[in-house]
Amino acid sequence: MELTIEDLACARGGVRVLEGIGFRLGAGQAMVLRGPNGVGKTTLLRTVAGLQPAVAGRVSLPPESLAYAGHADGVKATLTVAENLQFWARVHGLRDIGAALMAMNLAALADRRAGQLSAGQRRRLGLARLMVTGRFVWLLDEPTVSLDAGSVALFAAMLRGHLVQGGAALIATHIDLGLDEARVLDLTPFRAVSPPQGAFDEAFA
Amino acid sequence: MELTIEDLACARGGVRVLEGIGFRLGAGQAMVLRGPNGVGKTTLLRTVAGLQPAVAGRVSLPPESLAYAGHADGVKATLTVAENLQFWARVHGLRDIGAALMAMNLAALADRRAGQLSAGQRRRLGLARLMVTGRFVWLLDEPTVSLDAGSVALFAAMLRGHLVQGGAALIATHIDLGLDEARVLDLTPFRAVSPPQGAFDEAFA
Amino acid sequence: MRALFLRDLALAIRAGGGFGLGLAFFLLVAVLMPLGVGPDQGVLGRIAPGVLWVGALLACLLSLDRLFALDVEDGSLDLLATAPLPLEGVVAAKALAHWVVTGLPLVLAAPVLGLELNLAPGGYAWLVVSLLVGTPALSVIGAFGTALTVGLKRGGLLMSLLVLPMYVPTLIFGAEVVRRGAAGLEFGGALVFLAAITLGALALLPFAAAAAIRVNLR
Amino acid sequence: MRALFLRDLALAIRAGGGFGLGLAFFLLVAVLMPLGVGPDQGVLGRIAPGVLWVGALLACLLSLDRLFALDVEDGSLDLLATAPLPLEGVVAAKALAHWVVTGLPLVLAAPVLGLELNLAPGGYAWLVVSLLVGTPALSVIGAFGTALTVGLKRGGLLMSLLVLPMYVPTLIFGAEVVRRGAAGLEFGGALVFLAAITLGALALLPFAAAAAIRVNLR
Amino acid sequence: MSIWEYANPKKFMETSARLLPWVTGFAMVSLLGGLFWGFFLTPDDFRQGSTVKIIYLHVPAAIMGTSAWFMMLVTSLIWLIRRHHVSALAAKAAAPVGLTFTLIGLVTGAIWGQPMWGTWWAWDPRLTAFLILGLFYLGYIALWAAVDDPDTAADLTSVLCIVGSVFAFLSRYAILFWNQGLHQGASLSLDAEENVSDVYAWPLWTCIAGFLLLFVTLVLLRTRTEIRARRMAALLSRERMAG
Amino acid sequence: MIPDLGKYAGAVLGAYGASILLLVLLVAVSLWQAARIKRALAGVEARAKAGAATEATDA
Ligand code: HEM
Ligand SMILES: Nc1ncnc2c1ncn2[C@@H]1O[C@H](COP(=O)(O)OP(=O)(O)OP(=O)(O)O)[C@@H](O)[C@H]1O
Ligand SMILES: Nc1ncnc2c1ncn2[C@@H]1O[C@H](COP(=O)(O)OP(=O)(O)OP(=O)(O)O)[C@@H](O)[C@H]1O
Ligand SMILES: [Mg+2]
Ligand SMILES: [Mg+2]
């Protein structure tokens with residue numbers, strides 16, 4: 001159970017944004033991606049998740065082992081909180097959503113329609129979804145947006161539980177999660193250098 | 001130029017969430033709204049903005065003097081950054097967008113299509129819009145979501161400039177903006193207590 | 001208001017050729033009908049006015065779908081509601097932009113499709129006139145229907161259900177003008193009714209639509 | 001996959017009566033046509049098969065609109081793409097749910113509308129059969145069209161433009177079956193073609209649609 | 001005591017509980033009595049034959065189909081202006097009843113048209129407006145069902161109701177503006193010449209009263225249901241807030 | 001019992017049949033909904049009362 005990234009380059013909208021990234025993430029490890037807005041954190045996460053192809057380099061990890069959580073939560077407004085979780089649990093072949101509800105303190109909201117949640121409550125639901133995927137590598141893009149301090153702590157606890165069970169996590173964030181054990185990777189040095197101009201085929205990077 | 005709120009109660013989805021809120025916000029003042037997820041910050045801001053009616057109490061302020069910035073940015077993906085700003089400037093009867101571009105460090109991105117921005121860049125554009133409204137009271141709902149530390153500082157500087165010019169701001173946020181001069185209002189004590197049960201016409205609270 | 005109108009035009013054009021698409025759909029409906037009905041020239045010519053008008057109507061309807069929905073999703077409508085424009089003006093500007101992008105091209109393209117459907121020669125001029133007079137009503141009525149359903153996900157179908165009945169009078173009189181025109185009969189009455197419906201809709205519905213939007217923003 | 005199918009059904013039903021709306025639209029189109037064409041019973045009866053099929057087609061089309069779009073907007077499709085379901089299965093499940101919500105009610109309601117349009121008595125059975133055989137193709141083809149346009153705002157109209165031509169064969173053969181059935185002619189050939197189109201679409205298009213979605217997610 | 005006190009849900013529940021048995025009784029008697037009288041005890045018309053018996057269904061149903069919309073218009077306006085919830089709920093409760101009456105009017109009219117006009121449908125202004133009214137009922141019900149927040153739904157449907165009134169008005173009065181239609185003019189006007197003969201008029205009036213009372217009964221019953229449903233939703237959401 | 005309806009029997013009986021069917025449906029649905037909601041509300045109210053009672057004893 002290990003995520004290995006070698007000399008990865010990724011592009012967004014046909015333009016190379018990051019290159020030369022390499023690291024490994026073993027069981028029980030977490031890594032925080034940092035860097036100013038627009039450096040390419042989201043792009044990197046989507047590439048690792050396989051949602052977009054890598055321009056160069058390799059991402060290797062066992063098949064069906066990662067769960068992605070992006071800016072959007074994938075929450076259906078007309079289903080209740082419990083139904084939303086149940087759906088994702090079933091898709092991943094699991095049944096039990098009790099632990100996930102407890103972990104993000106959603107038990108009281110279980111029968112509420114997701115459309116009637118506040119921004120932070122909705123985000124908690126999005127994060128609880130990770131628990132019902134049964135996947136080992138979590139890719140998280142700014143997971144704590146809209147969360148209050150208490151919920152951030154809940155999330156950190158959930159994440160620690162995941163790591164203790166042999167999981168791994170790759171997290172892009174601008175704020176401090178209070179995860180001291182996590183390694184930090186600043187993406188600024190991996191910015192793609194703009195290719196020399198003039199050559200015609202460069203346009204097709 | 002003063003925003004006065006008296007004994008305000010607001011509801012969401014037909015259920016009262018907050019009540020008994022009262023404060024005044026004069027020129028040059030800022031107030032930060034705090035409280036756990038779901039306490040009703042967004043609801044309060046929308047009520048003050050006039051987007052939903054107050055259940056009880058009064059909001060008084062001079063007409064056409066506030067600008068609202070919610071969770072969504074109102075940014076059109078197919079227009080460029082400059083076009084987006086220009087549109088809002090025209091709607092508010094202004095012309096110049098240079099200052100706004102400078103304030104949020106968007107000059108380099110001015111000709112980029114807004115759909116090609118990263119989450120944080122997009123948010124910067126959403127905030128720059130406030131500068132072209134020419135309004136005095138800013139209502140901001142979690143303005144710094146997705147912003148990196150540098151951009152948060154930019155935003156704080158822009159906000160200070162606004163206050164110095166006699167503006168005011170009401171800000172819901174979970175993180176520290178570094179605005180020491182701002183008053184803080186915790187909404188937790190204003191949670192609506194459930195009304196007494198029994199009488200049949202209470203059904204329509 | 002002018003800014004809003006221009007922005008909506010720009011958006012429609014950039015989002016993959018707004019102009020072309022309404023038109024193309026009109027064309028498709030006009031082509032599908034004979035395919036479904038079979039290639040009998042006499043029958044075709046007789047149903048041509050109706051088919052053309054139904055096509056125009058559906059083309060309008062489909063493109064209306066997201067007249068306000070996109071602005072709600074990305075928060076623009078909240079911001080417009082707090083902007084110094086009256087919401088009635090917003091509705092009017094958006095409906096006008098919709099008409100320019102959808103209705104106007106239909107008017108211009110209609111004669112070609114008339115040919116394709118074997119419309120009687122006398123009908124062409126009146127086809128254009130009736131569309132010119134009638135399509136603005138379609139845009140405004142549509143704006144009202146969209147305003148009613150703006151908060152709802154998958155509101156598209158509900159919107160159609162609300163809007164189509166309101167389109168019926170325009171359809172009846174529009175097709176009547178063309179049919180009578182094509183047959184060389186007197187049709188002043190129908191044309192007057194058509195114009196009256198359009199004027200009435202233009203005068204009243206922006207207010208109803210603005211009211212509905214205010215309710216839906218809550 | 002079953003979970004996805006059930007979820008889509010639940011979503012369609014909760015979003016304000018998904019079942020009813022597709023149907024209502026079918027009804028509306030079938031009502032509008034005679035309005036536009038005028039009240040000549042003979043002409044109506046002759047064009048009834050075509051009109052009914054075009055109505056079914058448009059009802060499908062309108063409700064297709066946001067088959068994947070909602071899932072893209074709220075990020076569900078990203079998540080489904082990384083889930084252990086094959087994307088082809090996702091497409092198939094969603095198309096099936098769409099058919100149950102839209103196609104099936106059309107099949108059941110068609111006879112009533114046939115009555116309303118003055119269809120010849122012999123045609124009813126074959127109207128139902130042809131819709132039953134043909135509408136699954138409409139859902140799958142539609143799923144493919146939506147998959148192609150899924151990333152685009154205002155993709156609805158473009159989608160219609162892409163999908164309608166692919167609907168043409170189904171329309172032609174479907175209407176042909178009804179017309180010949182109503183006239184008491186032999187129609188086995190048309191029915192076989194109709195079935196062949198449906199089977200072909202069911203077998204191939206989920207793969208094409210999944211490929212298109214993968215590209216659009218980038 | 002002001003009349004508006006009846007708009008208080010509690011007061012309304014009390015009053016309607018007392019009224020309901022009486023109205024139900026009168027409705028049953030007049031409806032069944034009127035239909036029996038009309039169907040069994042009146043002679044055939046010399047021109048229309050036995051089809052004249054359809055009048056006892058068609059005319060009351062058509063009249064109540066449009067009247068129900070006017071009633072909804074009034075209650076919607078009361079809701080918009082004075083924000084009495086019961087008023088909005090009464091409009092919601094009336095819609096399915098009005099839709100059913102409209103459907104009966106359409107169906108019986110169509111069946112009647114076949115022998116009388118030689119066609120079961122014509123695009124005459126009154127018929128068209130009536131059909132559109134039926135579609136408006138559908139849209140109105142669908143809109144209520146589609147919106148979550150009850151007050152929002154009430155506001156939106158009220159706006160729709162106002163717009164739809166144009167067609168209810170045309171169903172009833174189009175006959176005054178257009179004369180080219182196939183459809184009957186006012187046959188029950190007080191102006192004696194156009195009047196149907198007394199043999200038919202009395203049972204017809206009884207049937208109209210029967211349909212009206214049935215409408216009142218059903219609207220009262222359904223409004224009570226809506227109020228209860230609304231109270232239940234409020235209690236449930238309160239439970240959630242406490243828990 | 002049934003009067004002689006002549007050649008229009010089908011039309012007249014059809015009209016009466018269809019109308020009565022629709023009316024019966026409407027009445028049945030209304031009564032059924034009324035009963036269902038009444039029962040459900042009674043349940044919720046009982047729960048609410050029980051909740052209020054325990055709260056009172058707690059205090
Ligand atoms: C589909 C066919 C028909 C429809 C939709 C229809 C609809 C209507 C409507 C909307 C009204 C007016 C209700 C009001 O006052 O608000 C009405 C009344 C009436 N209809 Fe029909 N009708 C149809 C066919 C017929 C036929 C075939 C006859 C008789 C030959 C007929 C006889 C009458 C009469 C006598 C009245 C009462 C007129 C008055 O007092 O204003 N209808 N119908
Ligand atoms: N449509 C709705 N129907 C019913 N209740 C709702 C609805 N929308 C929100 N709520 C509830 O209203 C309360 C207030 O929500 P609001 O969005 O104002 O909270 P908030 O303070 O902004 O929270 P956050 O920090 O998470 O953004 C929450 O408890 C929420 O669950
Ligand atoms: N569709 C696109 N076409 C071209 N460039 C794009 C597109 N989308 C994003 N970009 C650019 O690619 C770069 C990387 O974007 P990305 O979203 O990965 O940044 P990020 O590190 O996640 O930033 P943030 O912290 O703001 O979320 C940015 O500079 C952005 O402007
Ligand atoms: Mg990002
Ligand atoms: Mg909030």
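So you know, we letter chains A, B, ... as the sequences are listed, proteins then strands, and number each from 1. Values reported hereafter were calculated over all heavy atoms of this structure, with side chains retained and with hydrogens, waters and symmetry mates removed.
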Contact part of C/Leu80 toward chain B, heavy-atom cut-off under 4.5 Å: side chain, backbone, both or neither? both
Please test B/Arg46 against C/Asp78 for side-chain contact (heavy atoms from CB on, under 4.5 Å), starting from the C-alpha separation and ending with a verdict. CA-CA 9 Å; B/Arg46 289 181 69 88; C/Asp78 281 351; 2.9 Å; yes
Most contact-rich option vs chain C, by heavy-atom pairs under 4.5 angstrom, among B/His92, B/Glu64, B/Lys76, is B/Lys76
How about CZ on B/Phe190, more than 12 heavy atoms from neighbouring residues, nucleotides or ligands closer than 6.0 Å, or not? yes
Report the distance from atom CG of C/Leu79 to atom CZ of B/Arg129, rounding to the nearest 0.5 Å. 4.0 Å
For the interface with chain C, which of B/Pro53, B/Gly126, B/Gly93 has the highest count of heavy-atom pairs at distances below 4.5 Å? B/Pro53
I need the C/Ser76 OG to B/Trp88 CH2 distance, nearest 0.5 Å. 5.0 Å
Smallest separation among heavy atoms of B/Arg135 and C/Pro84, with atom names: NH2-CD, 3.1 Å
Any chance CZ of C/Phe207 has more than 12 other-residue heavy atoms, nucleotides or ligands included, within less than 6.0 Å? no
Using the rule given for side-chain contact (heavy atoms from CB on, under 4.5 Å), can you reason through B/Asp73 versus C/Asp74, listing the C-alpha separation, both sets of side-chain angles and the distance that settles it, and then say yes or no? CA-CA 6 Å; B/Asp73 289 315; C/Asp74 67 13; over 6 Å; no
About how many Å separate CG of C/Leu85 and CZ of B/Arg90, when rounded to the nearest 0.5 Å? 12.5 Å
Taking it one step at a time, do B/Gln52 and C/Leu217 satisfy side-chain contact (heavy atoms from CB on, under 4.5 Å)? CA-CA 7 Å; B/Gln52 55 177 74; C/Leu217 280 186; over 6 Å; no
Over 12 non-hydrogen atoms of neighbours within 6.0 angstrom of CZ in B/Arg58: no
Are there more than 12 heavy atoms of other residues, nucleotides or ligands under 6.0 Å from atom CD of B/Gln165? no
Under a 4.5 Å heavy-atom cut-off, does chain B meet the side chain of C/Ala83, its backbone, both or neither? both
